[in-house]
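Lettering of chains follows the sequences in order, A, B, ..., and the numbering in each one begins at 1.
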Protein chains: 2
Amino acid sequence: MKSVAATRPIGFLIGDLARLMRRRFERRLAGSDTGLTVSEARTLAMVEHYSGWRQTALADRMGIEPMTLSGFLDRLEAAGLVVRKPDPNDRRAKLITLAPAATPVLERIHEEMVAIRLEALEGFSEEDADRLYALLQRMHGNLCCCGPEELS
Amino acid sequence: MKSVAATRPIGFLIGDLARLMRRRFERRLAGSDTGLTVSEARTLAMVEHYSGWRQTALADRMGIEPMTLSGFLDRLEAAGLVVRKPDPNDRRAKLITLAPAATPVLERIHEEMVAIRLEALEGFSEEDADRLYALLQRMHGNLCCCGPEELS
DNA sequence: GGCAGATAGTAAGGAGATCTGATTATATGG
DNA sequence: CCATATAATCAGATCTCCTTACTATCTGCC
């Protein structure tokens, strides 16, 4: 477990890939007329998947701070794509759901995501893709919690 | 090649991983007294590897715009970690090399990179790590050039 | 019931990475 | 020797994300 590290650090490789994919996704979103940024699109897709969750839970699931999510939701709500409704059980909390106008936008987003996936995994067998995916998720599991918070 | 896409888009997974690793690397760099940001550290590591290259070539290799690199080099040069010397064959160009002061800083950077790699790949066999690395690099090859520049 | 402390959301502000477009100096081909 | 291309940089913008502090509300305990 050292041969690989010498070639190019895994963190930089992942960072490069993220930059490349983000760039493509940005251009595609600009090409569609969604008017969304990458993170807004991601947020919308998360709201679709976790409809009715409160913001804190959603932010946690997304791995970002509640305040960061709040900004994205502000813009999505202003665009009429999501709705914040008060939690009947807790007046502090708001439950996030999709607005009807989100449907066609999400369709475009899904199309673009599929396209990028095809580009990124071109030439991959289904097994390769599955293996890659499994390895990435293991890595995510290693990193997502229990972070180095004792550093501060 | 569709089962995986339904779970979580590969682009967002890569983006999440990049965010997680960047965060850890940031904290570690702050913990060391390098005073560098993640991108500056990456730039320094690239200069180490591609010593004597001109900025355009370096930016190209790093997958960023020359102007972006220029900013990082400004700060690294101000910190006395790299040197810009004029290319004797082309007075427009500058060749980037390490300054002597970079040596201990690079050592710290390498240590932190190794630590992050260990965290990220904890529990991975060497074969898994190699496989992951190979798959990621294939993906990088698919994306790094021939991008969707016809979109604009 | 009523307060102490936790929790949900947000306002304010900032840092970092990255881009685009314009500018200057230099090189190079015809 | 000029037209065009290239190397680096200036100016300015966007996007993502964070920290800190504040308000409203909830919950457990006396």
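Between B/Leu121 and A/Asn142, the closest side-chain pair of non-hydrogen atoms is not below 4.5 Å. Taking the side chain as every heavy atom from C-beta outward, B/Thr34 and B/Glu112 never approach each other to under 4.5 Å. Residues A/Leu69 and A/Thr56 fail the side-chain proximity criterion, which asks for heavy atoms closer than 4.5 Å.
C/dA17 atom C1' lies 16 Å from atom CZ of B/Arg23, rounded to whole Å. Atom CG in B/Leu29 sits roughly 18 Å away from atom P in C/dA15 (whole-Å rounding). Atom CE in A/Met67 sits about 15 Å away from atom P in D/dC22, given to the nearest Å. Separating the CE atom of B/Met62 from the P atom of C/dT18 is a distance of 8 Å, rounded to the nearest angstrom. Rounding to whole angstrom units, CG of residue A/Asn89 and P of C/dG9 are separated by 13 Å. Straight-line distance from the CZ atom of B/Arg75 to the P atom of C/dT18: 10 Å, rounded to whole Å. Straight-line distance from the CZ atom of A/Arg22 to the P atom of C/dG16: 18 Å, rounded to whole Å. Following rounding to the nearest Å, B/Asp90 (CG) and C/dT28 (P) show an atom-to-atom distance of 6 Å.
Each of C/dA17, C/dG9, D/dA7 was ranked by its minimum atom distance to the side chain of A/Ala93; first place goes to C/dG9. The side chain of B/Gln55 approaches D/dT9 more closely than any other nucleotide in the set C/dA8, D/dT9, C/dA11. Side-chain proximity of A/Glu65 to D/dT9, C/dA17, D/dC18: nearest is D/dC18.
Within the nucleic acid shown, B/Thr68 comes within 4.0 Å of at least one base atom, counting heavy atoms only. Residue A/Arg42 is out of contact with every strand shown, counting any heavy-atom pair closer than 4.0 Å.
A close approach under 4.0 Å does occur between a side-chain nitrogen or oxygen of A/Arg19 and OP1 or OP2 of C/dT18. Taking side-chain N and O atoms only, B/Ser39 has a distance below 4.0 Å to OP1 or OP2 of C/dA17. The side chain of B/Thr37 contributes an N or O atom lying less than 4.0 Å from OP1 or OP2 of C/dA17. Under 4.0 angstrom from either OP1 or OP2 of D/dT9 there lies at least one side-chain N or O belonging to B/Arg84.
With hydrogens and angles ignored, no donor-acceptor pair closer than 3.5 Å exists between the side chain of B/Arg91 and the base of C/dT26.
With the nearest nucleotide of DNA chain D identified for both A/Glu40 and A/Pro88, A/Glu40 has the one nearer the 5' end. Each of A/Thr56 and B/Phe72 was assigned the nucleotide of DNA chain C with the nearest heavy atom; the assignment lying further toward the 5' end belongs to A/Thr56. Summary of the strand contacts: B/Ile64 and A/Pro66 both lie near DNA chain C, and taking for each the nucleotide with the nearest heavy atom, the more 5' one is attributed to A/Pro66.
With hydrogens and angles ignored, the 3.5 Å screen pairs a side-chain donor or acceptor of B/Thr43 with a backbone N or O of B/Ser39. Put simply, the side chain of A/Arg42 gets close to the backbone of A/Met62: a donor and an acceptor are under 3.5 Å apart.
Under the 4.0 Å criterion applied to side-chain N and carboxylate O atoms, A/Arg108 and A/Glu111 are assigned as salt-bridge partners.
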